[in-house]
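For clarity, every value in this text was computed on a predicted model and none was experimentally measured. Numbers restart at 1 for each chain; the letters A, B, ... are given by sequence-line order, proteins then strands.
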Amino acid sequence: MDFLFNSWQLAGWASELPEHGVLARRLLDVPVALFRDAKGMLHAIHDRCPHRFAPLSMGRLEEGRLICGYHGLAFDGTGTCVDNPHGPIVSALCVTSYPVREGYKGLWVWLGDPALAQDAALPDFSFVDATPDTAFSAGYIHGEGNYQLYVDNLLDLTHVDYMHPTSLGGGSITRTKPIVEQDGDRIAIKWHPRNEVPSPIQRGLLGLTDPDARVDSRTEVYWSPPSAIALITAVAPAGAPRPDDGARAIHILTPETANTTHYFFATTRGFDVENLEVTRQIATARMEVFNTEDRPMIVAQSRLMAGQDFWAMKPVLLPIDNGAVRVRRKLEQLIAQERKAPDASLPAAPEVEATAEA
Amino acid sequence: MDFLFNSWQLAGWASELPEHGVLARRLLDVPVALFRDAKGMLHAIHDRCPHRFAPLSMGRLEEGRLICGYHGLAFDGTGTCVDNPHGPIVSALCVTSYPVREGYKGLWVWLGDPALAQDAALPDFSFVDATPDTAFSAGYIHGEGNYQLYVDNLLDLTHVDYMHPTSLGGGSITRTKPIVEQDGDRIAIKWHPRNEVPSPIQRGLLGLTDPDARVDSRTEVYWSPPSAIALITAVAPAGAPRPDDGARAIHILTPETANTTHYFFATTRGFDVENLEVTRQIATARMEVFNTEDRPMIVAQSRLMAGQDFWAMKPVLLPIDNGAVRVRRKLEQLIAQERKAPDASLPAAPEVEATAEA
Amino acid sequence: MDFLFNSWQLAGWASELPEHGVLARRLLDVPVALFRDAKGMLHAIHDRCPHRFAPLSMGRLEEGRLICGYHGLAFDGTGTCVDNPHGPIVSALCVTSYPVREGYKGLWVWLGDPALAQDAALPDFSFVDATPDTAFSAGYIHGEGNYQLYVDNLLDLTHVDYMHPTSLGGGSITRTKPIVEQDGDRIAIKWHPRNEVPSPIQRGLLGLTDPDARVDSRTEVYWSPPSAIALITAVAPAGAPRPDDGARAIHILTPETANTTHYFFATTRGFDVENLEVTRQIATARMEVFNTEDRPMIVAQSRLMAGQDFWAMKPVLLPIDNGAVRVRRKLEQLIAQERKAPDASLPAAPEVEATAEA
């Protein structure tokens, strides 16, 4: 179980939670039900009735309480049973409640020790809040394979030159030595190609028609544990001042189980921000690339690994893996620390305090 | 393996057996082929050729003998090989034959010790035989999940108030304390709501239009081990004499494997018995409710249990579980007795005598 | 793992390999990629990049080199990395290459010790090369079940009388005692029915209309380890000289995994060899019979065996099993020898020399 429990996991985009409904997602192999109470406050509780183990998310939400669809027990957002039509409410009639935060248009859940659930542990995606809604689009795909394979994919962006040659790749990432920086538990990998062949997408962005045109560009990934990534890209004609108003994207890989992954992504941009048609085109192209190019390769890779440990398989690592390997080592270290912690209380005990929304 | 072998298992409705064909069903994880001999007598034999393990049910029935579709060995209803086109019939060329009974329009098979297969062990559903064919309808669905989850569902009928609010539920079962009675190995649970809100179906049956109308009703389940249930319901306007001519239904849960269940059901009634349109409506509504409301919940519950033992998961039991828990304890006791029996011969030895039809 | 590694495995028909592409097949549970180099020479390499375990077959073939679709590493037919866009080519950057042969319109791979891969170990299907293309047709189906169940099926051809009564079976194979011959590791089983009822297909071949017509025929199977079979059939009116120009077919069962099988088949004939319509009819009828009659029975048999060992299940063997049992015993003996061999090097080490095409 290579999960970091003491961390914020993105459970879904806010837009995925129905207005008066429930969002059910398995996170770190734990079934979770997300819903809002009568005041609109977000809650996440264990999605399994303590009576006969029905998923509470199959019930109905009434005045902010989730009512089991099997025998009618009602739970509030703290996981406390607030109605038992069949007798007294004994103390055991409760489910675990998980700390939640809303932020960056996402719904975040903390599956680990609730005492450690601090705002500061959220990754910094404040650029989302600074972006007009018209320049924001989010998406989600579900993928077979361990989440770390999806993280690896994003940390070694030379892959765009081979996997995405008709869109994102033009060879410049491969030809550029990345800078790897570490800031506490966060790791950044930056490519700054100069006077390089543009990718098909860069060519389109700049409206280049000259086949010999060259560009300067920036591609930077910022990883926060366990699996949240900001990806910043910008491009300009070679020699021109580099623009600061490129695209800033989010890629978040939330483990569903050890072998399946929720892949959330979103894109913001600093140019042409009122143009909904551009926003739509980005969303469509992004979904096409992830669905037909990245995902099939990662699924195939996962099947060839057949459940074996990555290191036990003795991968032949290359210089391009420096960043991804540092991330794997950092994450392994954090998971090992978490397991050794003397006050570890995982999985979280059911007596969780009510949790506030961010 | 939580199966009671020494018991009659419903293998199918008589109507499911093709006139000159074979019904193949896995029962208690044993593949069984049912067919009739030339005199019309029912037989059940192990559905696996002793030669190369082909399913005999994939062969053809000829003059009451089942002929393997792979190499032509023929077996009669006692499991004896009666034709070997390739040489002598050695004693090992036989398959186990299982005691069978026909009754209540069903085909019953005894997978345990054949010496113990007595008529008296059949549950009493004699009301079926007393019902005109025009007032009888039967059905079958296949469901994921252990059969005891399906039994639990039927023994705590408060669930109709939450799972079936647009048909069977009106709240009266929840508001009525049940009577639990035990008669040897059989357990009955009875709800007798008085002056209560009618369910949508009760409202329809009585033609009630007054929203404040109240009814008296009877809902009684009779469980016989291992998993045969009679369900009797009747309704009348509040204060009127209670009718004896309500509906009597059968619900039988035959384990296919440890994690899949054959769910057989049938309904008879004592009113309007010539009306085939009513019979058809009951069959359609029943299938809709079971398929779209009960089964998805039990499948979800089974997946959340993920193969764990029910008691090991420490369910928080409620007063409404009294009947279902007594049934679980009784069944556990019977299974434990069966395993301890000094003359236990499970699985049944192949030298089984020919068995007679009920 | 009941595989014989030191043997030629048919990986596919030559027609299955795209002209400038890759054929990916799992053989003996090993992922293999087949492709041709710039000179047209065939190669087979381990289909898993040593870098991050992506299937190389998902990449692209360029100038006879297979380029990984994830990060662009290029491998030649010897499994040597010939291009690393990201740094030096270290010695570990290689994959296993397997000896290959082309022959009988098929692509053969040797998964075992490459030092033992000799032409002489190929089964003799030289009749294929002596047949005009117009009289040759090949096919492939994928089947659930261990490959030995498919081999058994072909070695006891009495099954045609029961499984294929409307095409291949007329009863004569059942009524004829076969001759079983052993020549070193090869085993032949021959049926020579005289003055017998023709099968529907024999009736059609000879244009027989008289229901009492009788025929002489020949049906001979020649098994070579581990699972390559030649099947020769011929028919003539009873008493006439037996023709030598019947049909010669190939049936090859290559294990994909322990529980799935690649079933390759091909037919040649010595009559009407220019008639493509006859060739097409044979291919269509053969696919229909294998897909709808043989395969479903073997899949069902495999499921009833549920992973148990064939002998441990104590099959009741008949005289018709003599040939198939001798084959099983011979194969078991060869596999046991292979495992005991002091110089056994299985799975093959990655330092395999480049291999030549036959």
Side-chain angles (χ1 to χ4, degrees), chain B residues 1 22-33 45-63 65-75 79-96 256-260 347 349-351, chain C residues 145-146 148-166 169-178 189 191 197 289 292-325 328:
Chain B
M1 193 92 88
V22 185
L23 177 64
R25 283 254 155 84
R26 184 171 284 266
L27 311 171
L28 312 190
D29 226 351
V30 175
V32 175
I45 65 176
H46 193 212
D47 190 15
R48 202 180 76 184
C49 184
H51 173 221
R52 283 192 171 274
F53 315 125
L56 296 172
S57 58
M58 286 181 74
R60 66 185 199 282
L61 190 65
E62 208 169 80
E63 293 172 9
R65 310 178 321 170
L66 194 47
I67 300 175
C68 183
Y70 205 168
H71 300 96
L73 295 170
F75 298 86
T80 304
C81 181
V82 290
D83 187 35
N84 172 6
H86 312 293
I89 297 175
V90 296
S91 64
L93 268 184
C94 64
V95 293
T96 303
E256 181 185 51
T257 67
N259 197 41
T260 54
E351 292 80 13
Chain C
N146 183 274
Q148 293 199 37
L149 297 179
Y150 288 82
V151 173
D152 288 338
N153 174 60
L154 289 154
L155 297 184
D156 176 7
L157 288 176
T158 65
H159 87 264
V160 303
D161 293 333
Y162 308 96
M163 191 186 277
H164 312 305
T166 61
S172 66
I173 299 291
T174 292
R175 286 184 294 265
T176 304
K177 185 176 165 58
I189 311 167
W191 292 263
V197 179
V289 164
T292 67
E293 296 179 343
D294 292 282
R295 183 164 62 175
M297 184 65 84
I298 296 170
V299 169
Q301 177 193 21
S302 167
R303 292 183 183 172
L304 281 180
M305 293 179 66
Q308 299 168 82
D309 174 70
F310 179 70
W311 298 116
M313 291 182 75
K314 300 191 191 306
V316 179
L317 296 173
L318 308 178
I320 53 174
D321 295 305
N322 282 345
V325 167
R328 277 193 174 254

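Looking at C/D294, neither its backbone nor its side chain comes within 4.5 Å of chain B, counting heavy atoms on both sides. In this structure, chain B has a heavy atom under 4.5 Å from the side chain of C/M305, while its backbone stays farther away. Of the atoms belonging to C/K177, not a single heavy atom falls under 4.5 Å from chain B. Only the side chain of B/P31 comes within contact range of chain C, with at least one heavy atom under 4.5 Å from a heavy atom of that chain. Contacts of C/P165 with chain B are absent, with no heavy-atom separation under 4.5 Å from either backbone or side chain. Contact annotation for B/R26: only side-chain heavy atoms (C-beta onward) come within less than 4.5 Å of a heavy atom of chain C. Only the side chain of B/L73 has a heavy atom closer than 4.5 Å to any heavy atom of chain C. Contacts of B/N84 with chain C are made by side-chain atoms alone, with heavy-atom separations under 4.5 Å and no backbone atom involved.
Using a 4.5 Å heavy-atom cutoff, the side chains of B/L93 and C/L318 are in contact. The side-chain heavy atoms of B/R52 and C/H159, taken from C-beta on, include no pair separated by under 4.5 Å. Contact check for C/M297 versus B/P55: side-chain heavy atoms found under the 4.5 Å cut-off.
Residue C/I320 holds its CD1 atom at 5.0 Å from NE2 of B/H71, rounded to the nearest 0.5 Å. C/E293 CD to B/M58 CE: the interatomic distance, rounded to the nearest 0.5 Å, is 10.0 Å.
The most heavy-atom pairs under 4.5 Å with chain B, out of C/T174, C/L149, C/I298, come from C/T174. Counting heavy-atom pairs closer than 4.5 Å to chain C, the top residue among B/P88, B/C49, B/G72, B/G87 is B/G72.
When all heavy atoms of C/Y162 and B/P85 are compared, the closest pair comes out as OH-CB, 3.2 Å.
Judged purely by distance below 3.5 Å, without hydrogens or angles, the side chains of B/H51 and C/D321 pair a donor atom with an acceptor atom.
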